[in-house]
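Okay, so here's the structure we're looking at.
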Amino acid sequence: MTKDTNAELFERARRVIPGGVNSPVRAFQAVGGTPRFMSRGEGAFVVDEEGNRYLDFMNSWGPLILGHCHPEVIEVIQNKAALGTTFGAPCRAEVELAEAVVASYPGLEQVRFVSSGSEATMSAIRLARGATGRDIIVKFSGCYHGHADHLLVAAGSGLVTAGQPSSAGVPKAFAALTTVLPLDDEEKLKALFAAEGSRIAAVIIEPIPANNGLLLQRKEFLLTLRRLTRESGALLIFDEVISGFRVAKGGAAEYYGITPDLATFGKIIGGGLPVGANGGSAHLMQHIAPAGPVYQAGTLSGNPVAMAAGLATLRILEREKGWTQLEEKGVLLEKEVTAALTGVDLPWTMTRVGSIFWLSFQKGAAPRSAETLDQNAGARFSPLFHAMLDRGVYIPPSAFEVLFLSLAHTPADMAKFATTLRDSITATAA
Ligand SMILES: *Cc1c(COP(=O)(O)O)cnc(C)c1O
């Protein structure tokens, strides 16, 4: 029996799955061409159905901080699965992972596990509304918080925008309760709080915005946000679905020394299986059912196999001093890229925090808000992406998605990334 090619699989997929994928950005729409159907992962590498091997800097969009198929995590998953994959009753692994998460993150006393980052933010918003008795939510343009209705709202250009849905199917009436502000702008934030502070249930932010490029914020901006929310009785939600357990054991809260009221997690805490969580003080979390009146539930929540995979991942990170190692790898990568791109005829900046990095090809300083992103810089990206893929380096298929290092990346992998980037830039400029 011959194996299907990527193209054949994509054709079959498109017949039975909308757009051929189960998450839109996998479809290569921004870069064109045929998505690679992956058959297996090995440390820093992925292998597609045609047997092509790629050095992977996407790491499944963030969860795989140890790389693919870490032998200890795989062993834990296999052993746990053999004991039963779901019970619909409490299990020890939930308690152990909850204890580990609570011990890791500033201000956290309780967590509730769900099955995705989207669920985690959706439930955190409901909790914030239930706990404050207020309706208005504030988010920032360019921050992504999953696909719940009231969070699928983007900004107009520049000014405060009240509620333009960014997806069909989101009622205007829902979106009207979400106010969008630009990042990096204390004045707009102060103006909004002066006018509406007492009606705001919560402000949700990616403290390290990593879904529209990597828009690193000034600490003063985050501190102003912390102060204004506290003064007005609005809750501050840090969406740490990417940054949690990635930039530090205590996520962006530890990195910046700023403690939010609620935090949401996903990606890394599932160790490659579907897990999300939200958490905060016991006082706040007591509002959630069955302790309190804010309803939230899940048939597969706290799944024993997923909990065990998450716990194994956190233990390995801790034991291996993962965050220190990843910072060292990041420094090395930056050095390699700088050396390789010296003399290349293209403006570029590399933004990095720990093992999250992003290359932009726009002039000037690294952007800090969606409004200052040069959308045209994305036009160069598509040929560059394919040139890198052809040379065996897999990066996310969009100019505005960040790249991730894992503990599996070696110094040689970093060098390979840098020289492949240079060769690809040269090849596509010609
Ligand atoms: C990925 C992501 C989400 C959504 O998580 P899913 O597991 O994809 O639902 C939410 N917030 C942030 C910051 C994310 O990066």
Side-chain angles (χ1 to χ4, degrees), residues 21-27 58-65 101 105 111-128 137-154 166-167 178 180 183 202-217 222 225 236-248 251-253 255-256 260 262-279 296 298 300-303 306-307 309-310 313 351 353-358 370 396-398 400-404:
V21 292
N22 285 305
S23 197
V25 74
R26 294 179 196 168
M58 192 168 81
N59 283 286
S60 186
W61 306 92
L64 298 180
I65 194 165
V101 172
Y105 195 86
V111 278
R112 168 61 60 87
F113 290 115
V114 293
S115 301
S116 71
S118 292
E119 269 185 90
T121 55
M122 176 183 79
S123 305
I125 296 290
R126 185 180 305 132
L127 167 59
I137 298 298
V138 179
K139 78 176 283 290
F140 295 92
S141 58
C143 285
Y144 178 67
H145 304 293
H147 58 83
D149 280 346
H150 41 255
L151 293 171
L152 272 183
V153 182
S166 51
S167 163
T178 302
V180 182
L183 288 161
V203 179
I204 185 166
I205 187 170
E206 289 181 81
I208 295 178
N211 275 289
N212 195 11
L214 182 58
L215 305 173
L216 291 182
Q217 298 301 291
L222 296 173
L225 180 57
L236 177 59
I237 306 173
F238 273 4
D239 182 351
E240 299 245 28
V241 170
I242 282 186
S243 51
F245 301 98
R246 167 66 67 179
V247 298
Y255 182 83
Y256 285 112
L262 291 171
T264 58
F265 303 95
K267 301 193 169 117
I268 289 172
I269 50 164
L273 294 185
V275 180
N278 54 53
Q296 190 280 322
L300 291 171
S301 294
N303 175 269
M307 296 287 105
T313 300
T351 321
V353 50
S355 53
I356 310 174
F357 66 103
W358 180 59
S398 156
F400 301 103
E401 298 285 356
V402 296
L403 290 74
F404 295 102

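Each ligand, and each atom within it, is numbered from 1 in the order the structure gives.
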Can you find a pair of side-chain heavy atoms, one from [X] and one from [Y], that are under 4.5 Å apart?
X      : Y      : answer
Phe265 : Val275 : no
Asp239 : Cys143 : no
Leu273 : Asn303 : no
His145 : Glu206 : yes

Short N or O distance, [X] and ligand 1, threshold 3.5 Å exclusive:
X      : result
Gly117 : yes
Glu119 : no
His145 : no
Glu206 : no
Thr121 : no

In ligand 1, which numbered atoms sit nearer than 4.0 Å to a non-hydrogen atom of [X]?
X      : answer
Asn211 : 12 (C), 13 (C), 14 (C), 15 (O)
Ile242 : 15 (O)
Asp239 : 10 (C), 11 (N), 12 (C), 13 (C)
Ser116 : 7 (O), 9 (O)

Query raised in the report: Can you tell me if Thr264 uses its side chain to pair, donor with acceptor, with the backbone of Thr121 under 3.5 Å?
Result: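 Between the backbone of Thr121 and the side chain of Thr264 there is no qualifying donor-acceptor contact (under 3.5 Å).
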Report task. Starting at OG of Ser355, measure out to CZ of Arg246 and round the result to the nearest 0.5 Å. Result ->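 Taking OG in Ser355 and CZ in Arg246, the distance rounds to 4.0 Å.
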Query raised in the report: Under the 4.0 Å line, does any protein heavy atom show up next to atom 15 (O) of ligand 1?
Result: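 There is a protein heavy atom less than 4.0 Å from atom 15 (O) of ligand 1.
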Query raised in the report: Which heavy-atom pair separates Val402 from Trp358 by the least distance, and what is that distance?
Result: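 Heavy-atom minimum between the residues: CG1-CB, 4.1 Å.
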**Report entry** Flag for Arg126-Gln296: side-chain donor and acceptor within less than 3.5 Å
**Finding:**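 No, no side-chain donor-acceptor contact under 3.5 Å.
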Report task. State, without any angle test, whether Tyr105 and Glu240 hold a side-chain donor-acceptor pair at a distance under 3.5 Å. Result ->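 Checked: Tyr105/Glu240 side chains pair up, N/O donor to acceptor below 3.5 Å.
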Query raised in the report: Identify the closest protein heavy atom to atom 3 (C) of ligand 1: which residue and atom is it, and at what distance?
Result: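 Of the protein heavy atoms, Val241 CG1, 3.7 Å lies nearest.
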Requested in this report: Please report which non-hydrogen protein atom sits nearest to atom 8 (O) of ligand 1, along with the residue it belongs to and the distance in Å to one decimal place.
Outcome: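 Protein heavy atom with the smallest distance to atom 8 (O) of ligand 1: Ser118 OG, 4.6 Å.
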Requested in this report: May I ask whether Lys267 places a heavy atom under 4.0 Å from ligand 1?
Outcome: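 True for this residue.
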